[in-house]
Amino acid sequence: MEAKLWNDKREREMYENFAELYAIIKATEKLEKAYVRDIVPSSEYETECQKLIAHFKTLVSSLKDTVPSIERFADTYKMDCPAAINRLVTSGVPATVEHRAAAAASSTTSASIVAECVQNFITAMDSLKLNMVAVDQVYPLLSDLSASLNKLSILPPDFEGKTKMKEWLLRLSKMGASDELTEQQARQLHFDLESSYNSFMGALPSAGT
């Protein structure tokens with residue numbers, strides 16, 4: 001004897017929607033695992049994933065009263081599909097789209113830090129040319145430059161600019177705020193800044209910037 005899961009047309013439609021939701025979650029889980037294992041090409045993965053996400057969003061919007069929580073739905077029907085839940089509920093976009101967005105953000109961040117470093121180099125060198133040689137004038141400029149260089153991950157820890165700025169900051173920290181650099185010290189600092197700036201600009205192409 002066939003057991004009926006529903007008593008009327010409305011209940012039947014609800015269970016059919018549940019079955020479709022179950023199928024979408026399972027299919028997404030399999031697709032995610034295939035992508036991670038490099039079984040499916042990125043282009044095919046992205047196309048299929050976008051379809052599943054679109055179907056999922058459409059279905060969920062019609063089930064918002066009967067399925068308020070996808071996580072609870074998955075738990076109720078003993079679905080062990082963490083990758084699918086992450087992709088459909090948390091992320092909402094294919095992994096390939098996420099990676100492109102992250103790369104673009106990283107590139108933008110690096111570009112802004114590079115610009116910051118260049119500005120700090122030029123400001124420090126220009127200040128010395130204007131005879132701003134008091135410790136309380138020079139120290140903040142070198143501190144800002146050092147901080148910006150340390151933020152740029154493409155530069156190695158022993159990068160010339162980093163080590164020289166660190167040495168100068170240590171030297172200046174032992175002097176009084178109103179003390180001034182001698183002409184020889186100012187010339188040496190300007191030389192170190194110019195040398196570090198040239199090394200910095202030379203390092204950028206090799207880092208792919």
Side-chain angles (χ1 to χ4, degrees), residues 32 35-38 41-43 45-46 49-50 53 82-83 85-209:
E32 288 294 303
Y35 173 67
V36 169
R37 292 169 185 166
D38 208 21
S42 295
S43 56
Y45 159 80
E46 187 169 323
C49 192
Q50 283 175 333
I53 290 170
I85 299 299
N86 175 65
R87 186 63 50 217
L88 297 169
V89 180
T90 308
S91 172
V93 295
T96 45
V97 175
E98 270 188 337
H99 298 334
R100 284 200 296 272
S106 176
S107 175
T108 302
T109 302
S110 293
S112 65
I113 297 173
V114 167
E116 185 183 316
C117 290
V118 170
Q119 184 180 339
N120 287 334
F121 266 120
I122 293 172
T123 301
M125 288 189 284
D126 285 350
S127 297
L128 288 175
K129 287 177 184 176
L130 293 172
N131 203 35
M132 294 173 63
V133 291
V135 170
D136 59 359
Q137 293 174 318
V138 178
Y139 191 94
L141 300 177
L142 299 189
S143 180
D144 288 345
L145 173 56
S146 181
S148 60
L149 289 173
N150 285 323
K151 282 193 287 184
L152 199 58
S153 59
I154 60 173
L155 297 176
D158 60 349
F159 173 68
E160 177 187 351
K162 289 183 179 182
T163 55
K164 285 189 175 177
M165 291 313 105
K166 188 177 180 181
E167 289 169 3
W168 274 105
L169 286 170
L170 183 62
R171 194 178 308 172
L172 293 173
S173 67
K174 295 176 181 177
M175 298 169 65
S178 60
D179 290 347
E180 293 188 352
L181 298 178
T182 64
E183 184 180 346
Q184 185 180 356
Q185 286 175 323
R187 285 186 66 176
Q188 184 62 50
L189 175 55
H190 190 277
F191 177 82
D192 287 346
L193 283 166
E194 199 163 25
S195 174
S196 298
Y197 177 71
N198 290 334
S199 296
F200 172 76
M201 296 305 289
L204 298 182
S206 62
T209 305

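Of all non-hydrogen atoms in Ala186 and Leu128, the two that sit nearest each other are O-CD1, 4.0 Å. Summarising the geometry of Ala124 relative to Leu193, their closest heavy-atom pair is CB-CD1, 3.8 Å, with the distance given to 0.1 Å. In terms of heavy-atom proximity, Gly161 sits nearest to Ser196 at CA-OG, 3.5 Å. Across all their heavy atoms, Val135 and Pro140 have their closest contact at O-CD, 4.0 Å.
Residues Ser91 and Glu98 bring a donor and an acceptor atom of their side chains to less than 3.5 Å of each other.
The distance from atom CD of Gln137 to atom OG of Ser178, rounded to the nearest 0.5 Å, is 11.0 Å. Taken from CG in Leu181 to CG in Asn131, the straight-line distance is 10.0 Å, to the nearest 0.5 Å. The line from CG of Asn150 to CD1 of Ile113 is 11.0 Å long, rounded to the nearest 0.5 Å. To the nearest 0.5 Å, atom CG of residue Leu141 and atom CE of residue Met125 are 12.0 Å apart. Expressed to the nearest 0.5 Å, how far CG of Asp179 lies from NZ of Lys174 amounts to 14.0 Å. Note that CG of Leu189 and CE of Met165 are 6.0 Å apart. Values are rounded to the nearest 0.5 Å.
Remark: Leu169 engages Tyr139, Leu142, Ser143, Ser146 in a side-chain contact (heavy atoms from CB on, under 4.5 Å) (not counting sequence neighbours). Residues satisfying the side chain to side chain donor-acceptor pair (under 3.5 Å) criterion with Glu180, sequence neighbours excluded, are absent altogether. Thr123 is linked by a side chain to side chain donor-acceptor pair (under 3.5 Å) to nothing, counting only residues two or more places apart in sequence or in another chain. Looking at residues two or more places apart in sequence or on another chain, you find a side chain to side chain donor-acceptor pair (under 3.5 Å) between Ser148 and Asn120. The side-chain contact (heavy atoms from CB on, under 4.5 Å) check on Pro157 picks up nothing, with sequence neighbours excluded. Remark: Ala95 pairs with Tyr35, Tyr45, Arg87, His99 by the side-chain contact (heavy atoms from CB on, under 4.5 Å) rule, at least two apart or across chains. With sequence neighbours left out, the side-chain contact (heavy atoms from CB on, under 4.5 Å) criterion links Thr90 to Asn86. Remark: Phe121 pairs with Tyr197, Phe200 by the ring-ring contact (aromatic ring centres under 6.0 Å, His included) rule, at least two apart or across chains.
Applying the salt bridge (charged side-chain N to carboxylate O under 4.0 Å, His left out) test to pairs two or more places apart or on separate chains, those with a residue in residues 151-172 are Glu116-Lys151, Glu160-Lys164, Lys164-Asp192. For residues 159-181, no residue pair satisfies the ring-ring contact (aromatic ring centres under 6.0 Å, His included) rule, not counting sequence neighbours. Applying the salt bridge (charged side-chain N to carboxylate O under 4.0 Å, His left out) test to pairs two or more places apart or on separate chains, none has a residue in residues 128-149.
Looking at heavy atoms from C-beta onward, Val118 lies in side-chain contact with Met201 at the 4.5 angstrom threshold.
More than 12 heavy atoms of other shown residues, nucleotides or ligands fall within 6.0 angstrom of atom CD in Gln50.
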